[in-house]
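Because only heavy atoms are used, hydrogens play no part in the values below, and waters and symmetry mates are left out as well, while side chains stay in.
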Amino acid sequence: MDNSVLHSKLLDWYQRSYRHLPWRETRDPYFIWLSEIILQQTRVDQGLPYYQRFTEKYPSIKDLAQADQREVLKLWEGLGYYSRARNMHAAAQMVMEDWGGEFPQTHEGILSLKGVGDYTAAAIASFAFDLKHAVLDGNVMRVLSRLHADATPINTGQGKKRFQALADDFLNTAEPALHNQAVMELGATVCKPRNPDCLNCPLQEACKARVQGNVADFPVKQRKQYDKHRQLNYWYFQKDGKTYVEQREAGIWRGLFQFPLHESDETLKEKDFFNLMLPLNLQKANLRYQRFTLSKHKLSHQTLFITIWQIQLEDHLNWLPKEHWQELPINGLKDLAFPRPIRKFLDENQLTLPLE
Ligand code: SF4
């Protein structure tokens, strides 16, 4: 079927069915960029309240650029993948310093901003400025892989190239913004990963996988080579309503707070725990502690097994393993940004009382 026929079917369907979301009612590149960064790796229903909080607190890119990074991370808390928030903050400062406060209006300019990749640049370029760039995200790849019954694995470099070429070829250059929105929306609401609603799909007559009856075989994914398992043990020391935290300097949770961390090769046994406490002058005989094993936390390439050891101190620690450990009141932890599993643990547990 001719692309122009598919384009008009697709746009008709989109205009009848699209979900009204605040970032679709604006052409302001700042708001569109905010929504795109928030929605990376995040569902719309989860991202929407964050979008509202960010736009209320930072109504302009200047406001975001001038914000304290800790405040930005705190507002981001719970969304995960915190590098997005750090990059977003840095990119806002780049726009103020390198672009005179004006959001760049070319694809290359947008792509030069920190944290902005091909997908996000194409989305902003088309949604805000109607530039002719086809977006390619997971939803678009799924639609295209089924439409063409194309078995190139979507999670490989070859797959990205192949599907970008198909997306470029399919782009409606007369309506790039609406077209991109429509393909993404189709993937999100009709051509879903499981049980796609082919009967209500505007592309059904042209869809090879539907005609062949093997929609469930697409998209194809290459199995991941490895999934690293890590054992993280946090020491949640307590003394007179105070504890010790530091701000992480590296890794996926850079900029967030944590308790002293010990990473072990395997689940820590109690005897290992006692041995680790010895150099801190904490002896087994009078050690009061409680162990909390959190649910495993899956990230894209690793699974984290987290144990929190709540340890009651007789005296304040007079050693500090690093210069920047901070001794803080436990009731002040609510104001700091923690990694999501730790925040959940803190919110669900009342742990300020001394152990029995
Ligand atoms: Fe997806 Fe079905 Fe539409 Fe094909 S017909 S694009 S499988 S929803």
Side-chain angles (χ1 to χ4, degrees), residues 37-38 41-42 46 49-50 53-54 57-58 64 67-90 93 115 230-264 268 273 276-277 280 282 289-299 302-313 316-353:
I37 302 292
I38 288 171
Q41 324 265 358
T42 301
Q46 196 196 356
Y50 284 87
R53 266 177 247 153
F54 268 87
K57 184 140 189 165
Y58 311 119
L64 178 59
D68 186 294
Q69 195 197 58
R70 273 188 301 187
E71 195 182 87
V72 175
L73 288 171
K74 181 65 189 158
L75 210 59
W76 192 270
E77 192 181 66
L79 261 187
Y81 299 96
Y82 287 82
S83 57
R84 287 183 291 169
R86 288 188 295 269
N87 289 340
M88 193 173 80
H89 188 227
Q93 291 169 340
R230 295 172 67 190
Q231 306 283 342
L232 306 183
N233 298 278
Y234 288 103
W235 310 145
Y236 183 13
F237 292 119
Q238 299 191 355
K239 169 69 182 159
D240 298 337
K242 291 192 168 170
T243 189
Y244 297 86
V245 294
E246 71 161 352
Q247 200 166 13
R248 279 191 70 100
E249 288 178 339
I252 43 162
W253 289 335
R254 183 156 50 93
L256 303 188
F257 284 83
Q258 66 175 14
F259 300 116
L261 168 66
H262 173 79
E263 188 160 351
S264 50
L268 213 57
F273 167 68
L276 286 162
M277 291 297 110
L280 316 183
L282 300 172
Y289 72 95
Q290 204 172 344
R291 172 168 50 184
F292 298 86
T293 305
L294 310 194
S295 322
K296 68 181 176 189
H297 188 70
K298 278 192 85 62
L299 299 167
Q302 48 184 315
T303 304
L304 306 181
F305 296 86
I306 299 175
T307 308
I308 294 188
W309 301 76
Q310 182 201 2
I311 304 159
Q312 192 66 41
L313 296 174
H316 287 277
L317 289 176
N318 52 14
W319 60 270
L320 288 176
K322 293 180 193 168
E323 278 171 7
H324 51 274
W325 283 110
Q326 299 175 36
E327 190 177 341
L328 283 181
I330 289 169
N331 62 14
L333 297 181
K334 63 183 179 323
D335 301 323
L336 302 180
F338 279 85
R340 186 149 49 136
I342 313 292
R343 164 53 59 208
K344 188 161 176 277
F345 164 80
L346 289 171
D347 289 347
E348 288 174 357
N349 293 281
Q350 295 292 324
L351 293 175
T352 52
L353 296 174

Under the criterion side-chain hydrogen bond (donor to acceptor under 3.5 Å, both in side chains), I'd like the reasoning laid out for Y58 against E71: C-alpha separation, chi angles, the key distance, then a yes or no. CA-CA 11 Å; Y58 311 119; E71 195 182 87; 3.0 Å; yes

Determine the minimum heavy-atom distance between G115 and I37, stating which atoms define it. O-CD1, 4.0 Å

Is I330 close to L333 at the side-chain level, that is, under 4.5 Å between some pair of heavy atoms? yes

So CZ of R248 and CH2 of W253: to nearest 0.5 Å the spacing works out to 7.5 Å

So does G255 get a backbone contact from the side chain of Q247, meaning a donor-acceptor N/O pair under 3.5 Å? yes

So W235 and Y244, side-chain contact (heavy atoms from CB on, under 4.5 Å) or not? Walk me through it. CA-CA 9 Å; W235 310 145; Y244 297 86; over 6 Å; no

Say whether, by atom type as modelled, one donor and one acceptor occur between the side chain of D68 and the main chain of R70 under 3.5 angstrom. yes

Would you call the rings of F259 and F338 parallel, tilted or perpendicular, where under 30° means parallel and over 60° means perpendicular? tilted

Just checking K334: does its NZ atom have more than 12 heavy atoms from other residues, nucleotides or ligands closer to it than 6.0 angstrom? yes

Check whether R230 reaches the backbone of Q302 with its side chain - one donor and one acceptor, N or O, closer than 3.5 Å. no

Quick one, E327 with V245, criterion side-chain contact (heavy atoms from CB on, under 4.5 Å). Give me CA distance, side-chain angles, the key distance, then yes/no. CA-CA 7 Å; E327 190 177 341; V245 294; over 6 Å; no

Short side-chain to backbone donor-acceptor contact, T243 and F237, under 3.5 Å: yes

Might you work through the side-chain contact (heavy atoms from CB on, under 4.5 Å) test for F292 and I306, ending with a clear yes or no? CA-CA 8 Å; F292 298 86; I306 299 175; over 6 Å; no

The reported gap from CG in L232 to CG in L294 (rounded to nearest 0.5 angstrom) is 9.5 Å

Give a yes or no on whether K344 atom NZ has more than 12 heavy-atom contacts from other residues, nucleotides or ligands under 6.0 Å away. no

Hey, could you give me the NE2/CG distance between H262 and N233, rounded to the nearest 0.5 Å? 6.0 Å

Quick one: pull up NZ in K242 and CD in Q326 and give me the separation to the nearest 0.5 Å. 12.0 Å

Between I252 and Y81, is a side-chain contact (heavy atoms from CB on, under 4.5 Å) present by the stated rule, with each step listed? CA-CA 7 Å; I252 43 162; Y81 299 96; over 6 Å; no

Under 3.5 Å, is there a donor-acceptor pair between the K296 and T303 side chains? no

Pairing residues for F305 by the ring-ring contact (aromatic ring centres under 6.0 Å, His included) criterion, not counting sequence neighbours: H229

So how far is it from Q69 CD to Q93 CD, rounded to the nearest 0.5 Å? 8.5 Å

With salt bridge (charged side-chain N to carboxylate O under 4.0 Å, His left out) as the test, would you mind laying out the steps for E77 and K74 before giving the verdict? CA-CA 5 Å; E77 192 181 66; K74 181 65 189 158; 3.1 Å; yes

Answer with yes or no whether the side chains of Q310 and Q238 bring together a donor and an acceptor at under 3.5 Å. yes

With a 4.5 Å limit on heavy-atom distance, are the side chains of K298 and L304 in contact? no

Is a donor from one side chain sitting under 3.5 angstrom from an acceptor on the other, for Q290 and Y236? no

Point-to-point distance, once rounded to the nearest 0.5 Å, from CG of L73 to CG of L79: 11.5 Å

Would you say that F345 contacts R343 through its side chain, given a criterion of any heavy-atom pair below 4.5 Å between the two side chains? no

Please confirm whether the ring centroid of F273 lies under 6.0 Å from the ring centroid of W309. yes

Within the structure provided, determine whether Y234 and Q258 are in side-chain contact (heavy-atom separation under 4.5 Å). yes

